[in-house]
2 protein chains.
Amino acid sequence: MNDKFAGLEPDQEQAIHKARKRVIESIGKNMDLYGITQSTGLLYGLMFFQDKPMNLDEMGQAMEMSKTSMSTGIRTLVDLNMVNKVWEKGSRKDLYEVERDWHQTFADFFVLKWRKAVEMNLTALRRSQNELVKLAEGASAETAEPVRAAVAGDLDKIGQAIAYYLWLDRVIDLLESGGIYEHVPKEPDSD
Amino acid sequence: MNDKFAGLEPDQEQAIHKARKRVIESIGKNMDLYGITQSTGLLYGLMFFQDKPMNLDEMGQAMEMSKTSMSTGIRTLVDLNMVNKVWEKGSRKDLYEVERDWHQTFADFFVLKWRKAVEMNLTALRRSQNELVKLAEGASAETAEPVRAAVAGDLDKIGQAIAYYLWLDRVIDLLESGGIYEHVPKEPDSD
DNA sequence: TAGTATGTACGGTTTTTACTGTACAATGAT
DNA sequence: ATCATTGTACAGTAAAAACCGTACATACTA
């Protein structure tokens with residue numbers, strides 16, 4: 001039972017909800033950048049304004065959606081470290097609350113998703129690079145020249161791509177280590 | 001007509017295609033991070049290995065898809081600055097080639113998409129912040145205290161969020177200005 | 001141990017998105 | 001001006017994803 005609005009006039013309470021709704025919808029709309037569905041984004045926005053951890057039933061009620069959907073939605077949010085599972089004695093229900101450190105949330109997302117992509121692509125690039133090099137080396141005398149010519153362009157492109165991903169990997173390192181805050185402080189320099 | 005593989009034995013040509021295919025599919029699979037559909041990602045991967053600009057018909061043939069789909073796919077890639085339209089005299093067809101500077105591609109994506117999200121969210125947050133402040137200020141004597149209490153938490157959360165987005169905005173600045181390369185050089189320091 | 005509450009796997013349904021073919025507008029060639 | 005060629009708007013269809021209700025496994029309670 002939320003008596004946070006006790007003693008308020010109806011239109012005052014209405015105004016607060018309107019203010020929240022604007023933020024929630026903006027957040028929900030932009031969470032596609034995290035590869036998150038809109039309704040999951042709205043769920044996140046809802047939880048953002050909650051002062052206490054929520055359980056699945058409360059979410060379903062507030063979102064007017066099934067508990068099943070809340071379960072899957074909350075799972076993706078937990079997987080992305082955007083929401084944390086909370087233990088509260090006396091309650092048998094699972095409770096969740098949003099991670100309040102958004103800088104961390106942002107960093108976690110990159111480390112998780114982009115690092116994986118970088119690694120996958122690097123693996124593929126290096127494997128193909130290897131194959132092409134060996135193909136050129138192993139070519140018979142008469143095919144050696146055409147093979148080299150055919151492979152040169154690809155090897156060049158692959159080399160460029162690898163260099164890029166190594167750079168991106170270091171960018172991700174900067175987020176993971178927190179070194180980013182030395183170059184972009186959380187509070188802007190007041191000069 | 002691509003005679004790039006002239007003089008090659010069939011299995012050599014096969015090996016090259018296999019090497020390319022691995023990279024193309026890896027790229028295609030991970031392009032969802034850019035909010036791009038898999039097939040558009042594959043189109044991008046295909047173009048990545050092309051030495052000459054491609055037209056829509058060539059793409060459709062290579063992808064075994066309709067020209068319409070190529071048109072829409074290429075549009076999203078152009079909108080993201082991942083592919084450039086190229087002019088070639090003598091050809092009435094539109095020609096496209098991938099942007100080779102992937103660092104720039106990465107930066108462009110963030111400036112384009114994330115900046116937009118930051119601005120949208122900041123706008124919503126500030127607007128709601130304003131409303132809540134005014135709500136508290138304008139409350140009648142008897143409701144002043146409950147209103148203040150009800151609004152305090154939201155204002156605090158909104159303030160935190162605004163601070164975060166201002167930070168994120170500066171991170172985007174760092175990418176846009178190229179200042180990122182001072183802290184994460186394209187070529188790693190060789191020490 | 002039996003009973004109750006809770007989260008999720010699963011199959012079916014609805015909604016959304018991707019894709020295609022056709023028709024047409026725009027552009028360039030003759 | 002007429003004709004050809006090219007890209008895309010649009011509407012229909014196929015594919016995919018979101019969502020729901022049920023059933024069930026798990027864990028807690030008495």
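A, B, ... follow the sequence lines: proteins, then strands. Residue 1 opens every chain. Bear in mind the structure is a predicted one, so any value in this text is a computation, not a measurement.
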Quick check: is B:W167 connected to B:M120 through a chain of hydrophobic side chains (ILVMFWY, heavy atoms under 4.5 Å apart)? no
In terms of side-chain heavy atoms, does B:T143 have a donor or acceptor partner in B:S140 at a distance below 3.5 Å? yes
Under 4.0 Å: is that the gap between some side-chain N or O of [X] and OP1 or OP2 of [N]?
| X | N | result |
| --- | --- | --- |
| B:S71 | D:dT8 | yes |
| B:S69 | C:dT20 | yes |
| B:S39 | C:dA18 | no |
| A:T68 | C:dG7 | no |

Are the aromatic ring centres of B:Y34 and B:W114 under 6.0 angstrom apart? no
Stepwise salt bridge (Lys or Arg N to Asp or Glu O under 4.0 Å) test for A:K29 and A:E25: CA-CA 6 Å; A:K29 195 163 293 178; A:E25 286 178 356; over 6 Å; no
Given atom [atom1] of [X] and atom [atom2] of [N], what is their separation to the nearest angstrom?
| X | N | atom1 | atom2 | answer |
| --- | --- | --- | --- | --- |
| B:E58 | D:dT5 | CD | P | 17 Å |
| B:Q38 | D:dA16 | CD | P | 10 Å |
| B:D57 | C:dG21 | CG | P | 14 Å |
| B:L56 | C:dT20 | CG | P | 13 Å |
| A:N55 | C:dT8 | CG | C1' | 15 Å |
| B:K67 | C:dA23 | NZ | C1' | 13 Å |
| B:M63 | C:dA18 | CE | P | 14 Å |
| B:D94 | D:dT5 | CG | P | 16 Å |

Which of the following nucleotides, [options], is nearest to the side chain of [X]?
| X | options | answer |
| --- | --- | --- |
| A:M65 | C:dA18, D:dC20, C:dT20 | D:dC20 |
| B:T37 | C:dT6, D:dT8, C:dC19 | C:dC19 |
| A:R75 | D:dT6, C:dA9, C:dC19 | C:dA9 |

Could you walk me through whether A:E99 and A:N84 pass the side chain to side chain donor-acceptor pair (under 3.5 Å) check? CA-CA 6 Å; A:E99 168 60 54; A:N84 296 317; 3.0 Å; yes
I'd like to know if B:R92 reaches the base of D:dT6 with its side chain, counting only an N/O donor and acceptor under 3.5 Å. no
